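Numbering of residues begins at 1 and proceeds along the displayed sequence. Quantities reported herein were computed from a predicted structural model and do not represent experimental measurements. In what follows, every heavy atom counts, from backbone to side chain, and hydrogens, waters and symmetry copies are set aside.
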Amino acid sequence: MAPGIIEPEPAVSTERSHSLQMITEPYDDTLRFYLNGTKVVIDSVSIDPEITLLEYLRGIGLTGTKLGCAEGGCGACTVVVSQLNPTTKKLYHASVNACLAPLVSVDGKHVITVEGIGNVKNPHPAQERIAMGSGSQCGFCTPGIVMSLYALLRNDTDPSELEVEEAFDGNLCRCTGYRPILDAAQSFSMKNSCGKAKANGGGGCCMENGNGGGKNGCGSKRTDGANGDQPIKRFTLPGFIEYNPETQLIFPPALRKHQLKPLAFGNKRKRWYRPVTLKQLLEIKSAYPSAKIIGGSTETQIEIKFKAMQYTASVYVGDIAELRQYKFNGDHLEIGGNVVLTDLEEICLKAVEHYGPVKGQPFKAIHKQIRYFAGRQIRNVGTPAGNLATASPISDLNPVFVATNTMLIAKSLDKETKIPMSQFFKGYRTTALAPDAIIASLRIPVASEKGEYLRAYKQAKRKDDDIAIVNAALRVSLNDDNRVRSVDLVYGGMAATTIAAKEAVSYLRGKNWTDPATLEGTMNALERDFDLRFGVPGGMATYRKSLALGFFYRYYHEVLSELSVKASDIDQDVRGEIERQISTGKKDHEATKAYEQRILGKPNPHVAALKQCTGEAQYTDDIPVQKNELYGVMVLSTKAHAKILEVEFEAALDLPGVVEYVDRHDLPNPEANWWGAPNCDETFFAVDEVFTAGQPIGMILANSAKQAEAGARAVKVQYKDLPAIFTIEEAIAKESYFEHYRYINIGQDEGAFNEDVWEEADHVFSGVVRMGGQEHFYLETQACVVVPKPEDGEMEVYSSTQNPTETQSYVSQVTGVQANKIVSKVKRLGGGFGGKETRSIQLSGICATAANKTKRPVRCMLNRDEDMMTSGQRHPFLARWKVAVNKDGKLQALDADVFANAGWSQDLSGAVIDRALSHIDGCYRFPNVHVRGRLAKTNTVSNTAFRGFGGPQGLFIAETYMEEIADHLGMPVEKLREINLYKLNEPTHFKQELKDWHVPLMYQQVLQSMDYKERREAVEAYNTEHKWKKRGLAIIPTKFGISFTALFLNQAGALVHLYHDGSVLVAHGGTEMGQGLHTKMTMIAAQALGVPLSDVFISETATNTVANTSSTAASASSDLNGYAIFNACEQLNERLKPYREKLGKDAKMKELVHAAYFDRVNLSANGFYKTPDIGYVWGPNTGQMFYYFTQGVAAAEVEIDTLTGDWTCLRADIKMDVGRSINPAIDYGQIEGAFVQGQGLFTTEESLWHRASGQLFTKGPGTYKIPGFRDIPQVMNISLLKDVEWENLRTIQRSRGVGEPPLFMGSVVFFAIRDALKAARKQYGVNDVLSLQSPATPERIRISCADPIIRRALVEPREGEKSFFISI
């Protein structure tokens, strides 16, 4: 045993005589801090010690700060905490996650929320620019994004473009696609350097590296519209607020003099201690060794929230200055254990400068790992000590500390212990740290002057803000003859702890590094070190093993490149990782000029954008707490399929604050428990049996959310397991289907399918397509507030729903009263995407049942994990296709069996499979088509509507068979697509002629604007020159049918009131969820009535103003509600016509209304509209299915790192035909957001189920990865089709629906990745057709390669062995 290693001791030794109470008796018990410039003093008696900063802020009415995930992964809760930094001795404005921060952590600091920096009347420049720049759609994430930008500007008035782009790495947005946010934020940047420049954290700009004249280099003329010499990005429009750093909220002078006092407060359940000196901390640990040490609380709060961990005594150590110091010593850098990671970044840069690039290698490695470690909000509070103490096996820093032989200094009250990092980790989440000791500091040795080489690596599902799949720190020290003197190969993610590759290390000692046999011998040893089994915990056995080998291969050649060896011995291309440029984008703002009107056709900002940016916009959970309100938490099934033997809830009712338990017995009758659309095959509360993990069994009601959560956990459910089905393949094998079955069968000239085509065609190809689902990940989870009225069973339901009428209907059912007594209201949604079309009904019905039972208001907002477990996803699909094609590439026939994983209930799955069948032709003409659709019944969450509603799945099947057919024929797929595109007026397989058909035109325009031919040649040349980096190119067309496939839903109503002051109140049946519907509707009304846009207002969507509404879905809401409003306005205009003639054309609305009122004219109008001509009949294949098709074409170029599976989208060009746009700013926002959401669907977003428990594993931002700010295309150009006539389009303004159609455009990134993979495989002689499953995660990209490393890393399952996760 090494000197200083401590044997584990009891948590509290008997000889310890100190009393914690005695030690902390003199401590203060009052919190003092400033909030938005106002002093706040909180006596400990008046505050819950378990409260987070977010709960406190929202509790006092500052609801601009949002709860999005409660795990610090989405940034919706971002606030700024300002303090005098004890490390740098400077004022620092830290963006932090309020959902994680304990309230004690802000004592002596200044907390700034979104409300504190501006309001609608006087916004902060950051708020104004994001709002006016279309950077806010649903707005739920916006306050957090604003505060991240605000923090950046307060810390650096002159940020670089890279600093601006990286400022949001801890924020997520699901609506905008990030481009408009970045454009607005970059208006504050003053530097415009290359993203690869060393100053911007890159590996060196092409100009710095001496090849500035190369193709697409900074010194060359760019063809993508992103000139390397960009002008400074500033808003030049007059009227914008100038950012003046001198006028910002000051740091309170009193805090500069504030002396931190030790704190102790709490109650019997929980006590907090906040020492301010190291001695005080050690005294507490000596008296109470099991006290939980809290630095950033980035992991502890997650344990408390999601794992129900309870810590009776917590010690906040973030304010101990002694633990936040650093010192450059001769042979090592010593950093305090509590130096926050943001400061450590800067310290490492200083260390590299201090020690030089050779000796400073360890600090360069640490800096690299921190850069991609979580988001800025986490790095602002997280510490090395916290990272070490949690002993995560995938920590990014731990391998570096071990590889550098860092010495950990542990201190307890009576001794100091030195622990080598190589001996610190004892097992999974266990360390050698004594119970009464703390991590005081780390001594990180500098590298040797000569012969030592250190590198760090990491691979995750997403580049920024993601936990590692595998990481590594690799160090070697060589003698003068290049023999290995010492070596450390340390990996994370390969075992239960950070682990050294012992066999490889042993093999390397004494070997000549430059001998090729050394590489091969080490790779063999690494295979033995990491002989993972197929079912290894965490899954991805082959991928993880390939990363372990790949990291060393890259490291070996990076070291070799610094030695005196022949250039031919070095694999040059493997050196270096993919680096991003600063992202840019263009839009064609002239596209709508030709048809602009007074209001319509102009790019007006979202009507609520500024309110959303200032935190004043109200969402469901922002509604003030009602008198006697109860909070509900659902009791959910933990089994995928089981009999319920017993539900024991009595113990829960004995807990403090718990008031009631609600289940199916509280409904008016058994029939009231059944719901569903269109089939009532689902229950609000489980009856005797559960069919999926996450199915509601009951609800606990309590006085607070925390009490309700505790109560729900106390409900014990006894089960008897039953067999469960998860995948479509399992359902097919067991013939587990819903009854719904659809087919389309048609032949040449609308006759019968010609079966002879299979013999007559030159070729018949077949294949299988698999496509995973997608979580909606709206930032606002499902939320509901139900307020019962004292009379007649009346009830008001405030729900975050896309479907107020169905909410009203089912609340009526579960309460046993008529619908006319139920009012369902929606102000706005924090995102919907289809996930709140039906699945919101479940929560509303349960809350209404609870409110009806207790006669008290009931509120519930689901935690992110609850939402993901209960609300359903996009349907995973499997298709088996067969296509007949002639040798010239002309398609002859399509036959396909299509299966959708519906989950445990049918929900809207029937309509989803129907739309998939209607889009399975893509944009291509087939003389013969026979396609069939079935719904697989499984024991997963019930899948539901999601933006595109089966269309993307059908289109993906089409583009996949086109790709594979082209490969079989040896034909460029671009050519195959082009020769098979529909022509104008040709009929689809469901006999609908294509009017106003512009896809062929746009296809050519995109080919031309992107210089596709030249780019294809450049890509091929690049792939010839590069072994490990490959590029790919793709172009994808789309058509998307607009109309509900259920005929009766294609109707809408509206109500328009004119008031004496000339103002207009509009109500319609659509809900605002960020898509800009209310903005477009107010524009239509203002244009029709001839009033200023500012005079038109939409308050909310409610069933007592417009009844019997359809859900806001199918991209048809502007068409339907817009015409209904126009109809109402036409009625009003007709009534006002005599007064316009009398008072003159320039008379104001105020005058017209006044005169009409005194003539007793009705100044309210009820408008109505129903879509004409449509009415398709399945089976006979008759009638028109869609009113029209929205069309588009997208092209993209990507680069992949075949060694790791990492990738980036270099450029995307998107062109959409949206007809005559009502509002191009809104439409561009929809296109950007949909494209990036589609990119996520086909690349990073993978849902996984834990096989052993049958539960969803990816149920939060920590495990489920939507695209982030740095995942979008580096260059993103978008344009609208112009200079054409839409002769047959009879919609409002001749516009086309735009919400869903662009989503499939994101698949162009997937197909570009596939194109790059073809080049990677061809390099190793593999020319068979690649069947690539969606999503194309880094794992799938890497495993699809064919190089020797991936072959030797292949892990095959043993007999009967199954994977750890199920990918459904």
Side-chain angles (χ1 to χ4, degrees), residues 600 677 801-806 824 826 829 832-834 836-838 908 911 915 945 947-949 951 1040-1056 1066-1085 1087-1088 1096 1098 1100-1103 1105-1131 1165-1176 1184-1190 1218-1223 1226-1227 1230 1286 1288-1301:
L600 292 179
T801 182
Q802 296 171 238
N803 204 339
T805 292
E806 195 159 318
S824 175
V826 182
L829 285 69
F833 314 114
K836 297 174 181 176
E837 185 175 346
T838 59
L908 297 171
R915 185 170 281 267
R947 195 180 203 168
F949 202 79
F1040 189 91
I1042 303 295
S1043 289
F1044 286 97
T1045 48
L1047 180 63
F1048 68 91
L1049 293 175
N1050 294 281
Q1051 60 177 305
L1055 183 62
V1056 179
V1066 175
H1068 61 91
T1071 60
E1072 175 60 54
M1073 48 189 168
Q1075 83 280 41
L1077 180 61
H1078 284 357
T1079 306
K1080 288 185 175 182
M1081 297 304 98
T1082 55
M1083 291 173 69
I1084 289 169
Q1087 180 77 40
V1096 184
I1098 296 174
E1100 62 184 2
T1101 307
T1103 55
T1105 53
V1106 179
N1108 307 315
T1109 60
S1110 298
S1111 61
T1112 305
S1115 303
S1117 297
S1118 291
D1119 296 349
L1120 295 171
N1121 295 289
Y1123 249 133
I1125 290 169
F1126 182 77
N1127 175 251
C1129 293
E1130 286 291 278
Q1131 296 175 45
N1166 184 4
F1168 182 77
Y1169 174 76
K1170 63 178 181 179
T1171 310
D1173 303 335
I1174 58 175
Y1176 179 79
Q1184 183 172 320
M1185 188 177 292
F1186 302 113
Y1187 195 37
Y1188 61 86
F1189 295 91
T1190 298
V1218 299
R1220 293 184 177 180
S1221 174
I1222 295 172
N1223 183 325
I1226 296 294
D1227 288 348
Q1230 288 296 287
W1286 294 274
N1288 300 283
L1289 196 58
R1290 291 180 293 146
T1291 57
I1292 188 81
Q1293 169 76 0
R1294 291 193 181 180
S1295 65
R1296 296 189 195 266
V1298 71
E1300 295 172 285

Fill in: Student check: side-chain heavy atoms of L1055 and V1066 closer than 4.5 Å
no
Worksheet entry | Whether Q1087 side chain and L600 backbone form a donor-acceptor pair below 3.5 Å | yes
Discussion item. Using side-chain heavy atoms (C-beta onward) and a distance below 4.5 Å, is T1045 in contact with Y1176?
Written reply: no
Response to the item:
Separation between NZ (K1170) and CZ (F1048), nearest 0.5 Å, reads 15.0 Å
Fill in: Audit row: Q1230, R947, side chain to side chain contact (heavy atoms under 4.5 Å, CB included) steps and yes/no
CA-CA 11 Å; Q1230 288 296 287; R947 195 180 203 168; 3.3 Å; yes
Fill in: Separation of Y1188 OH from T1171 OG1 (nearest 0.5 Å)
9.0 Å
Worksheet entry | Distance in Å, F1126 CZ paired with I1084 CD1, rounded so as to fall on 0.5 Å steps | 9.0 Å
Fill in: Heavy-atom pair of closest approach, residues T1101 and P804
CG2-CG, 4.0 Å
Item to complete: Flag the pair I1098 / M1081 as yes when at least one side-chain heavy-atom distance between them is below 4.5 Å, and no otherwise.
Response: yes
Worksheet item: Do L1120 and F1044 come close enough that some side-chain heavy atom pair is under 4.5 Å?
Response: yes
Practice prompt. Answer yes or no: is there a donor N or O on one side and an acceptor on the other, between the side chain of N1223 and the main chain of K1080, under 3.5 Å?
Written response: no
Item to complete: For the pair S824 (side chain) and T1103 (backbone), establish whether a donor and an acceptor sit closer than 3.5 Å, ignoring hydrogens and angles.
Response: no
Discussion item. With heavy-atom distances below 4.5 Å as the criterion, would you say the side chains of I1292 and Y1123 are in contact?
Written reply: yes
When the side chains of residues 1072-1079 are checked against the rest of the protein, which donor-acceptor pairs come out under 3.5 Å, sequence neighbours left out?
| residue | atom | partner | partner atom | Å |
| --- | --- | --- | --- | --- |
| E1072 | OE1 | L1077 | N | 3.0 |
| E1072 | OE1 | H1078 | N | 2.8 |
| E1072 | OE2 | H606 | NE2 | 3.2 |
| E1072 | OE2 | G1074 | N | 2.8 |
| E1072 | OE2 | Q1075 | N | 3.3 |
| E1072 | OE2 | G1076 | N | 3.1 |
| Q1075 | OE1 | M1073 | N | 2.8 |
| Q1075 | NE2 | T1071 | O | 3.1 |
| H1078 | ND1 | H1068 | NE2 | 3.1 |
| T1079 | OG1 | V607 | N | 3.0 |

Response to the item:
Nearest heavy-atom approach of V1056 to C1129 is CG2-SG, 4.4 Å
Worksheet item: How close do S1295 and I1222 get, heavy atom to heavy atom, and via which atoms?
Response: OG-CD1, 3.6 Å
Fill in: Smallest separation among heavy atoms of V1096 and A1085, with atom names
CG1-CB, 4.0 Å
Worksheet item: Does N1050 reach the main-chain N or O of L1047 with its side chain, forming a donor-acceptor pair under 3.5 Å?
Response: yes
Fill in: Side-chain touch V826/T801, heavy atoms, less than 4.5 angstrom
yes
Worksheet, complete the sentence: dist S1043:OG -> Q1184:CD (nearest 0.5 Å) comes out at 7.5 Å
Worksheet entry | Closest contact, heavy atoms only, S1115 versus P1301 | OG-CD, 3.6 Å
Fill in: Shortest non-hydrogen contact between A1067 and T1105, atoms and distance
CB-OG1, 4.0 Å
Response to the item:
Rounded to the nearest 0.5 angstrom, the OG1-CG distance for T1190 and D1227 is 9.5 Å
Worksheet item: Near N1108 CG, under 6.0 Å, is it more than 12 heavy atoms from other residues, nucleotides or ligands?
Response: no
Item to complete: Would you mind reporting whether R1296 and L1289 have side-chain heavy atoms less than 4.5 Å apart?
Response: yes
Worksheet item: Checking Q802 side chain against T1112 main chain: does a donor-acceptor pair fall under 3.5 Å?
Response: yes
Worksheet item: Do side-chain atoms of Q1051 reach the backbone of S1110 as a donor and acceptor pair under 3.5 angstrom?
Response: no
Practice prompt. Check whether any side-chain heavy atom of Y1187 lies under 4.5 Å from a side-chain heavy atom of I1174, and answer yes or no.
Written response: yes
Discussion item. Suppose the criterion is salt bridge (charged side-chain N to carboxylate O under 4.0 Å, His left out): which pairs have a residue in residues 1112-1124, not counting sequence neighbours?
Written reply: none
Worksheet entry | CZ-CH2 distance between R1294 and W1286, expressed to the nearest 0.5 angstrom | 9.5 Å
